[in-house]
Amino acid sequence: MTSAPVIELRDAAKSYPGGVHALRGVNLTVDAGEMVAVVGPSGSGKSTMLNIMGTLDKPTSGTVRVAGYDVSELSDSRLSALRARHIGFVFQHFHLAAGRDAVDNVADGLLYAGVPRGKRRARAREALAKVRLDHRRGHTPDELSGGEKQRVAIARALVGNPRLLLADEPTGALDTASGAVVMELLHELNASGTTVCVITHDNGIADALPRRVRFKDGEIVADSRFGAPGGVRSAACSGAGHTSCSRTGSACGTGGADR
């Protein structure tokens with residue numbers, strides 16, 4: 001039996017008062033084990049989609065499924081539990097607690113999972129080792145570099161063993177060398193089985209990932225992959241009306257290569 005996709009959006013739209021349409025009928029499937037870049041300029045809707053994928057916000061219309069669950073059918077408590085079990089978040093500006101060392105910052109990722117304090121700290125140390133920071137685990141954020149802070153944030157996102165890691169501009173506040181280390185780490189995590197979705201405005205980062213979903217004006221304008229059969233990219237996709245471009249090879253609604 002085939003497992004449900006990690007994320008499914010069907011005709012997802014998000015509107016705000018004043019006629020602002022952040023998302024316009026987005027259709028997207030992300031399967032387990034994928035590594036996806038969602039790329040587009042500021043204001044294109046990509047961060048709005050991340051919030052909806054991560055169940056931090058709800059669409060105005062359309063359907064969102066996480067691990068097969070229709071999130072509109074879940075109570076707030078069940079939605080929080082689903083988020084805690086399945087999704088880890090990494091943001092551009094780290095959001096680490098000042099004055100608390102790396103172990104405590106990572107252990108905070110398990111605060112709402114019912115894990116006793118001793119086990120939280122043990123799992124935090126394991127997560128820090130995964131991001132190659134076990135030697136810095138006793139340091140507070142003001143004693144860490146920007147790249148180290150982001151790696152602590154990644155460890156915090158991973159400590160609950162989520163199926164999906166959502167990273168919003170994870171290199172945006174870093175220098176080039178630190179950003180390269182963070183992206184290398186995300187590739188390693190994906191290779192070990194974590195589904196990774198990177199939100200970015202950086203075409204260089206996007207083009208280095210196996211799948212690129214390009215946003216413009218609230219719509220998906222292209223969805224492409226390297227490594228497709230024959231070594232070619234998949235077809236480009238329109239936003240509204242496009243049905244699916246999953247790893248299973250379902251047909252795209254439009255022709256043309258991603259430019």
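All values below come from the heavy atoms of this structure, side chains included, with hydrogens, waters and symmetry mates left out.
- Residues R132 and E184 form a side-chain contact, since some pair of their non-hydrogen atoms from C-beta on lies under 4.5 Å apart.
- The number of heavy atoms from other shown groups lying within 6.0 Å of CG (D76) does not exceed 12.
- Transitive grouping of hydrophobic side chains (ILVMFWY, heavy atoms separated by less than 4.5 Å) brings I220 and L166 into a common cluster.
- With contacts defined as side-chain heavy-atom distances shorter than 4.5 Å, the pair T63/D11 does not qualify.
- Atom CG of L9 and atom OG1 of T29 lie 8.5 Å apart (nearest 0.5 Å).
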Task: side-chain contact (heavy atoms from CB on, under 4.5 Å) assessment of E219 paired with V26 - done: CA-CA 6 Å; E219 295 183 317; V26 169; 5.8 Å; no
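- Counting all heavy atoms, side chain and backbone alike, A67 lies closest to A4 at C-CB, 4.1 Å.
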Task: Trace of the side-chain contact (heavy atoms from CB on, under 4.5 Å) decision for M35 with L186 - done: CA-CA 9 Å; M35 189 169 193; L186 293 179; 3.8 Å; yes
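- The closest donor-acceptor contact from the side chain of Q150 to the backbone of P170 lies under 3.5 Å.
- Using modelled atom types, no side-chain atom of D168 and backbone atom of S47 make a donor-acceptor pair closer than 3.5 Å.
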Would you be so kind as to tabulate the donor-acceptor pairs closer than 3.5 Å made by side chains of residues 121-131, with sequence neighbours excluded?
unit_1	atom_1	unit_2	atom_2	d
R121	NH1	D104	OD1	2.5
R123	NH2	V159	O	3.0

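- Between the CG atom in L189 and the OG1 atom in T195 there is a gap of 11.5 Å [rounded to 0.5 Å].
- Remark: the backbone N or O of P41 is paired with a side-chain donor or acceptor of K46 at under 3.5 angstrom.
- Following chains of ILVMFWY side-chain contacts shorter than 4.5 Å, one cannot reach L165 starting from L56, and the two form parts of different hydrophobic clusters.
- Checking T200 against D202 by side-chain atom types alone, no donor-acceptor pair falls below 3.5 Å.
- A continuous path of ILVMFWY side-chain contacts below 4.5 Å connects L50 to F215, so both sit in one hydrophobic cluster.
- Ion pair D223/R212 not flagged as a salt bridge, since none of the NZ, NE, NH1 or NH2 atoms sits closer than 4.0 Å to an Asp/Glu carboxylate oxygen.
- Summarising the local packing, CZ of R117 is surrounded by 12 or fewer heavy atoms from other residues, nucleotides or ligands at distances under 6.0 Å.
- At distances below 3.5 Å, at least one donor-acceptor pair connects side-chain atoms of E34 with backbone N or O atoms of D31.
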Task: Full working for side chain to side chain donor-acceptor pair (under 3.5 Å) between R85 and S80 - done: CA-CA 9 Å; R85 279 200 312 271; S80 295; over 6 Å; no
Task: Trace of the side-chain contact (heavy atoms from CB on, under 4.5 Å) decision for K58 with I52 - done: CA-CA 6 Å; K58 296 180 179 180; I52 288 175; over 6 Å; no
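- The CG atom of L110 sits 7.5 Å away from atom CZ of R120, with the distance rounded to the nearest 0.5 Å.
- Looking at R156 and V90, their side chains never come closer than 4.5 Å, going by heavy atoms from C-beta outward.
- Remark: side-chain polar atoms of N105 are paired, donor with acceptor, to backbone N or O of A97 under 3.5 angstrom.
- Hydrophobic clustering (ILVMFWY, side-chain heavy atoms < 4.5 Å, transitive): V39 and V30 are in distinct clusters.
- Summarising the geometry, atom CZ belonging to R163 is positioned 6.5 Å from atom NE2 belonging to H86; distances are rounded to the nearest 0.5 Å.
- Taken together through direct or relayed side-chain contacts under 4.5 Å among Ile, Leu, Val, Met, Phe, Trp and Tyr, V181 and L174 form parts of separate hydrophobic clusters.
- For the residue pair S178 and D175, a side-chain donor N or O sits within less than 3.5 Å of a side-chain acceptor on the partner.
- L23 has its side chain within reach of M49: a pair of non-hydrogen atoms, C-beta onward, lies under 4.5 Å apart.
- Here the straight-line distance linking atom CG of N27 with atom CZ of R10 works out to 5.5 Å at 0.5 Å rounding.
- Using a 4.5 Å heavy-atom threshold, the side chains of H21 and S15 count as touching.
- The shortest side-chain heavy-atom distance between S44 and D217 does not fall under the 4.5 Å cut-off.
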Open item on the list: Set out, in order, the CA-CA distance, both residues' side-chain angles and the distance that settles side-chain contact (heavy atoms from CB on, under 4.5 Å) for H187 and V196, then state yes or no.
Closed with: CA-CA 8 Å; H187 277 278; V196 178; over 6 Å; no
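- E73 has no carboxylate O lying under 4.0 Å from a charged side-chain N of R65, or vice versa, which leaves the two without a salt bridge.
- Within the 4.5 Å cutoff, side-chain heavy atoms of V38 are placed close to those of C197.
- Within the 4.5 Å cutoff, the side chain of R151 has heavy atoms near those of the L185 side chain.
- Residues that satisfy the side chain to side chain contact (heavy atoms under 4.5 Å, CB included) test with R136, not counting sequence neighbours, are L133, H139, L144, E148.
- For the pair P162 and G88, the tightest heavy-atom approach, listed with the atom from each and the gap, is CB-N, 3.5 Å.
- The closest donor-acceptor contact from the side chain of N190 to the backbone of G33 lies under 3.5 Å.
- Salt-bridge annotation for D207 and R214: present, with a side-chain N of the basic residue lying under 4.0 Å from a carboxylate O of the acidic one.
- Ring geometry for F91 against F89 counts as parallel: the plane angle stays under 30°, on a 0 to 90° scale with 60° as the upper cut.
- Salt bridge annotation for R137-D101: absent, with no cationic side-chain nitrogen under 4.0 angstrom from a carboxylate oxygen.
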